[in-house]
Protein chains: 2
Amino acid sequence: MSANSRLTIAAHALAWIGLYQRQGHEVATSEQIATSANTNPVVIRRLLGELRKAGLVESRRGVGAGWAMARELGSITLLDVHQAVEPGPLFAMHRAAPDQDCVIGYGIQPAMQGIYEGIEETLRRELARVTLEDVLRDVLAAPR
Amino acid sequence: MSANSRLTIAAHALAWIGLYQRQGHEVATSEQIATSANTNPVVIRRLLGELRKAGLVESRRGVGAGWAMARELGSITLLDVHQAVEPGPLFAMHRAAPDQDCVIGYGIQPAMQGIYEGIEETLRRELARVTLEDVLRDVLAAPR
DNA sequence: CTAAATGTAACAACTTTGGTTGCGATCATT
DNA sequence: AATGATCGCAACCAAAGTTGTTACATTTAG
């Protein structure tokens with residue numbers, strides 16, 4: 001699987017905005033976040049754009065533009081973030097439909113879909129147990 | 001990600017071999033399995049090659065060549081299969097190291113790694129609950 | 001010796017991911 | 001009204017991963 005870094009970067013950006021606001025600032029810019037995450041501002045804006053669609057952050061344009069949390073860090077879980085930035089299932093089915101004249105080919109997809117559904121439900125439950133407040137706490141707890 | 005179909009195809013191949021052997025055959029060929037899975041024999045051989053490295057199947061060459069289970073279906077879990085064919089973590093870190101002079105940039109990776117480790121452990125536990133015997137049963141239980 | 005299948009390398013097509021550039025739209029401040 | 005910083009978004013690119021395909025040497029029972 002091509003593991004990607006979307007969830008990591010999204011959590012990074014949200015923790016950054018959350019901390020920055022607690023330090024008294026109104027909004028954070030994609031440029032500031034990109035510097036911290038060592039990536040391009042457009043990458044950050046793309047991700048934050050999806051998080052805005054999900055209602056997790058807000059953006060302002062014009063003078064004093066930037067990003068702010070739309071909800072408390074403690075009320076947002078990694079599941080919210082994951083669903084906002086990571087579409088699609090964990091495991092894929094066959095690229096081309098298997099042979100329907102074969103017993104295995106006929107039954108394999110419903111079988112695996114049922115199994116995968118249970119696994120993904122467990123994954124969702126686990127992601128939902130971690131809030132951005134937890135993430136920020138862990139980040140700040142790093143030694144030195 | 002990019003979700004891929006390795007685990008699905010591997011489970012398909014193993015269920016096919018297992019059922020075929022229960023029907024009294026010694027070995028199954030990559031050609032037969034590829035027909036059922038609607039893919040190329042080389043794709044199947046590649047996957048089975050990794051499963052052989054993991055000790056789940058055996059292969060014979062020469063006349064009467066093909067593949068056979070090395071262990072009982074009931075003793076192999078989807079975790080075994082997953083670990084054999086899907087290397088790497090579920091979630092990736094930043095592509096380039098984040099800014100170590102930033103509090104968030106400094107602490108984000110250890111924080112997320114700790115969180116991800118817990119989630120992946122849960123995923124492993126869940127995969128380990130399903131055996132290939134369960135998969136074959138579900139496959140054969142498909143209606144019609 | 002032969003035929004059938006594995007083992008493996010090489011390559012192509014396609015998709016995903018992340019990075020980059022460019023530019024119009026926005027808007028508080030002046 | 002002009003300005004300048006920033007967002008919003010489209011377009012494009014490079015790198016990597018996935019799957020399919022061809023080719024061919026190797027193996028081995030009969």
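Everything numeric here is computed off the predicted structure, so don't read it as measured data. So you know, we letter chains A, B, ... as the sequences are listed, proteins then strands, and number each from 1.
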Q | Residue B:Trp67, side-chain atoms from C-beta onward, closest of D:dG8, D:dA23, C:dT6 | A | C:dT6
Q: Starting from the 5' end of DNA chain C, give me the residue, B:Ala28 or B:Ala92, whose nearest nucleotide shows up first.
A: B:Ala28
Q. Nearest heavy-atom pair of A:Leu78 and A:Ala11: which atoms, and what distance?
A. CD2-CB, 4.5 Å
Q) Does a sphere of radius 6.0 Å around CD in A:Glu117 hold more than 12 heavy atoms from other residues, nucleotides or ligands, not counting ones at 6.0 Å or beyond? A) yes
Q. Which angle, to the nearest 10 degrees, lies between the helix axes at the two ends of the helix from C:dC1-D:dG30 to C:dT30-D:dA1, each defined by five pairs?
A. 10°
Q. Can we say A:Arg124 and B:Glu126 salt-bridge, meaning some charged N sits less than 4.0 Å from an Asp/Glu carboxylate O?
A. no
Q | Whole-Å gap separating C1' (D:dC7) and CG (A:Asn40) | A | 14 Å
Q) Roughly, in whole Å, what's the span from CD in B:Glu31 to P in C:dA3? A) 17 Å
Q: Give me the one residue out of B:Val43, B:Leu47, B:Thr39, B:Ile17 that meets side chain to side chain contact (heavy atoms under 4.5 Å, CB included) with B:Ile33.
A: B:Ile17
Q: Verify the neighbour count for atom CD of B:Glu121: are there more than 12 heavy atoms of other residues, nucleotides or ligands below 6.0 Å?
A: yes
Per-pair distances, 0.1 Å, donor-acceptor, side chain in residues 94-113 of chain A, under 3.5 Å, sequence neighbours excluded:
from	atom 1	to	atom 2	distance (Å)
A:His94	ND1	A:Gln109	NE2	3.1
A:His94	NE2	B:His12	ND1	2.8
A:Asp99	OD1	A:Asp101	N	2.9
A:Gln100	NE2	A:Pro98	O	3.0
A:Tyr106	OH	B:Pro143	O	3.2

Q: Indicate whether OP1 or OP2 belonging to D:dT19 is found under 4.0 Å from a side-chain N or O atom of B:Ser5.
A: yes
Q: Between B:Asn38 and B:Arg95, just flag the one whose closest nucleotide in DNA chain D comes earlier from the 5' side.
A: B:Arg95
**Q.** A:His12 NE2 to C:dG18 P, straight-line distance once rounded to whole Å
**A.** 15 Å
Q) Looking at D:dA10, C:dG18, D:dT18, which one has an atom nearest to any side-chain atom of B:Asn4? A) D:dT18
Q.
What is the separation between atom CD1 on A:Ile44 and atom P on D:dG8, rounded to the nearest whole Å?
A. 13 Å
Q: Could you tell me the separation between the CD1 atom of A:Ile33 and the C1' atom of D:dC7, rounded to a whole number of Å?
A: 12 Å
Q | From CA spacing to verdict: salt bridge (charged side-chain N to carboxylate O under 4.0 Å, His left out), B:Asp134, B:Arg129 | A | CA-CA 9 Å; B:Asp134 298 328; B:Arg129 292 182 51 203; over 6 Å; no
Q. Can you tell me how far C1' of C:dG19 sits from CZ of A:Arg45, to the nearest Å?
A. 13 Å
Q | Protein-nucleotide distance (B:Glu26, atom CD; D:dA29, atom P), rounded to Å | A | 13 Å
Q: Identify whether the distance between the nearest side-chain nitrogen and carboxylate oxygen of B:Arg137 and B:Glu133 falls below 4.0 Å.
A: no
Q: To the nearest Å, give me how far apart CG (B:Leu90) and P (D:dG17) are.
A: 16 Å
Q) Taking all non-hydrogen atoms of both residues, which atom of A:Leu7 and which atom of A:Glu86 are closest, and how far apart? A) N-OE2, 4.0 Å
Q.
Using a 4.0 Å cut-off on heavy atoms, which residues in residues 46-66 of chain A reach DNA chain C? List them by number, or say none.
A. A:Arg46, A:Arg61, A:Gly62, A:Val63
